[in-house]
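Both backbone and side-chain heavy atoms feed into the values below; hydrogens, waters and symmetry mates do not.
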Amino acid sequence: MNQTIIEGFRIKGFSDFAQQDQISFLVLLIYLICLGGNMTILLLFCLDVHLHTPMYFFVSNLSVIDIVSSTTTLHRIFVIFTTHNHMISAPACMTQLFIFSTASSNEISILTAMSFDRYVAICRPLYYHTIMTWRLCGLLASVCWVFASIEVFPTIYFISRFTCYVSKEIDHYFCDILPIRDITCSDTSVLDLFILIFGNLVIFILLCLTIVPYTFIISCILKITSSSGRYKAFYTCSLHLMVVGIFYSSIFLQYMVTVLVGTMGSNKIFSLFNTAVVPMLNPLIYSLKNKDVKSALLRQFKL
């Protein structure tokens with residue numbers, strides 16, 4: 001078995017797909033929609049005082065995460081398509097992996113913070129502005145960003161310590177954990193154990209912290225006597241529930257179904273859903289289905 005020390009990697013991308021050009025054009029279209037939608041959300045939050053609420057503060061954080069995540073991962077597809085340069089240096093690969101992993105971890109944390117915001121808004125409405133102060137919102141967002149960076153650091157450290165590889169070609173369109181792990185001949189037992197125990201444990205805990213507030217929210221909604229009141233209460237959290245469902249479904253599809261299927265081609269397709277489609281859907285959900293955002297658009301752009 002050839003064991004080579006790698007100074008750089010070759011990103012395979014979709015070169016093994018017959019529809020490589022069509023996939024690249026489709027990804028570019030999705031990315032432009034994603035970028036435009038999330039930039040619009042950020043712009044409206046900055047310009048429209050009616051959106052200066054805790055909910056839209058966290059939505060704007062989600063938009064930043066979506067822009068960072070999609071740009072970090074998808075730009076390699078465009079580089080390969082335009083320049084036919086598949087190479088990436090090892091430091092650049094580790095940087096890309098760190099940024100993407102941090103963004104993904106942070107998105108889970110932000111969604112958890114948003115569930116707490118919805119709990120206070122529906123179950124403790126009289127104390128909402130007292131509890132959800134800007135100081136608390138800023139603290140929650142800061143903790144999410146810092147925690148995400150700290151959480152992924154051990155994984156990046158373990159991968160950066162790999163000393164030899166059986167191949168320098170990463171069968172993916174960006175530097176991700178599993179494709180890099182598949183081509184190393186170094187011992188991966190510590191990395192595997194860390195991901196299995198700590199990584200999955202964090203996701204499970206944050207998922208529980210997202211679900212538990214909604215058990216109380218549903219209980220509060222069922223106690224509302226008027227149908228219009230129940231509808232209004234449910235509507236305020238339905239958008240967040242939709243985003244949470246899409247995000248965790250994408251994680252399941254990418255990391256669970258791919259293991260069962262066992263092909264890297266399937267992993268790339270599911271990864272596209274996670275890194276391109278989900279960041280595109282988030283701003284569409286919060287704009288097309290949201291009266292506040294629609295009103296802000298009308299006010300700011302005089303539509």
Nearest atoms (heavy-atom pairs only) where Ile65 meets Ala103: CG2-O, 3.2 Å
Counterpart residues, side chain to side chain contact (heavy atoms under 4.5 Å, CB included), relative to Ser295 (two or more places apart): Arg299
Has the side chain of Thr40 got a donor or acceptor atom that lies under 3.5 Å from a matching backbone atom of Gly36? yes
Report yes or no: does Ser60 contribute a side-chain atom to a donor-acceptor pair with the main-chain N or O of Phe57 at less than 3.5 Å? yes
With ring pair (Phe, Tyr, Trp, His ring centres under 6.0 Å) as the test, would you mind laying out the steps for Tyr214 and Tyr119 before giving the verdict? CA-CA 7 Å; Tyr214 275 100; Tyr119 163 76; 9.6 Å; no
Over all heavy atoms of both residues, which pair between Ile150 and Pro154 is shortest? Give the atoms and the distance, please. O-CD, 3.2 Å
Would you call Tyr248 and Ile108 a side-chain contact if the rule is heavy atoms closer than 4.5 Å? yes
Hey, can you tell me if Tyr173 and Phe14 have their rings parallel, tilted or perpendicular (30° and 60° cut-offs)? parallel
Within the side chain of Ser101, is there an N or O that forms a donor-acceptor pair under 3.5 Å with the backbone of Phe98? no
Just wondering, do Met280 and Tyr31 contact through their side chains at under 4.5 Å, heavy atoms? no
So does Leu136 get a backbone contact from the side chain of Thr133, meaning a donor-acceptor N/O pair under 3.5 Å? yes
Is there a side-chain contact between Thr73 and Asp176, using heavy atoms and a 4.5 Å cut-off? no
Nearest 0.5 angstrom please: Ser149 OG to Ile99 CD1, how far? 10.0 Å
Supply the atom-to-atom distance Asn38 CG to Leu43 CG, rounded to the nearest 0.5 angstrom. 12.5 Å
Does Ile11 offer a backbone N or O that forms a donor-acceptor pair with the side chain of His86 under 3.5 Å? yes
If you measure from CD1 on Ile110 to CG on Asp117, what distance do you get to the nearest 0.5 Å? 11.0 Å
Side chains of Ile180 and Thr184, heavy atoms from C-beta outward: is any pair under 4.5 Å? no
Report yes if the side chains of Leu272 and Ile23 come closer than 4.5 Å at any heavy-atom pair, otherwise no. yes
Does a side chain donor of either Asp48 or Tyr56 reach within less than 3.5 Å of an acceptor in the other side chain? no
Is a donor from one side chain sitting under 3.5 angstrom from an acceptor on the other, for Asn106 and Thr102? no
Ring centre gap for Phe25 and Phe81 strictly below 6.0 Å: yes
Here the gap from Glu151 atom CD to Phe198 atom CZ, rounded to the nearest 0.5 Å, amounts to 5.5 Å
Check Leu51 against Ala296 and note the closest heavy-atom contact, atom names and distance. CD1-CB, 3.7 Å
Members besides Met87 in its Ile/Leu/Val/Met/Phe/Trp/Tyr cluster (side-chain heavy atoms under 4.5 Å): none
Is there side-chain contact between Val59 and Phe45, with at least one heavy-atom pair below 4.5 Å? no
Specify whether Tyr165 and Phe162 have parallel, tilted or perpendicular ring planes, treating 30° as the upper limit for parallel and 60° as the lower limit for perpendicular. perpendicular
For the atom pair CD1 (Ile170) and SG (Cys175), what is the distance rounded to the nearest 0.5 Å? 4.0 Å
Compute whether any side-chain donor of one residue and acceptor of the other, for Thr72 and Gln96, lie under 3.5 angstrom apart. no
Name the orientation class of the two ring planes belonging to Phe194 and Phe158 (parallel below 30°, tilted from 30 to 60°, perpendicular beyond 60°). perpendicular
With distance as the sole test, does Thr83 use its side chain to make a donor-acceptor pair with the main-chain N or O of Ile80 at under 3.5 Å? no
Check whether the side chains of Thr275 and Ser70 place a donor and an acceptor atom closer than 3.5 Å, and report yes or no. no
Let me see the working for His75 and Phe174 under side chain to side chain contact (heavy atoms under 4.5 Å, CB included), right down to the final yes or no. CA-CA 9 Å; His75 84 279; Phe174 70 99; over 6 Å; no
Looking only at side chains, do Ser115 and His240 share a donor and an acceptor under 3.5 Å apart? no
Only one of Leu62, Val68, Asn61 passes side-chain contact (heavy atoms from CB on, under 4.5 Å) with Glu107, and that residue is Leu62
Heavy-atom count check: over 12 atoms from other residues, nucleotides or ligands less than 6.0 Å from Phe78 CZ? yes
With a 4.5 Å cut-off on side-chain heavy atoms, are Ile285 and Ile246 touching? yes
Return the SG to CE distance between Cys137 and Met55, rounded to the nearest 0.5 Å. 12.5 Å
Ser15 side-chain N/O to Lys12 backbone N/O, donor-acceptor pair under 3.5 Å: yes
Asp192 side chain reached by Arg181 side chain, heavy atoms, under 4.5 Å: yes
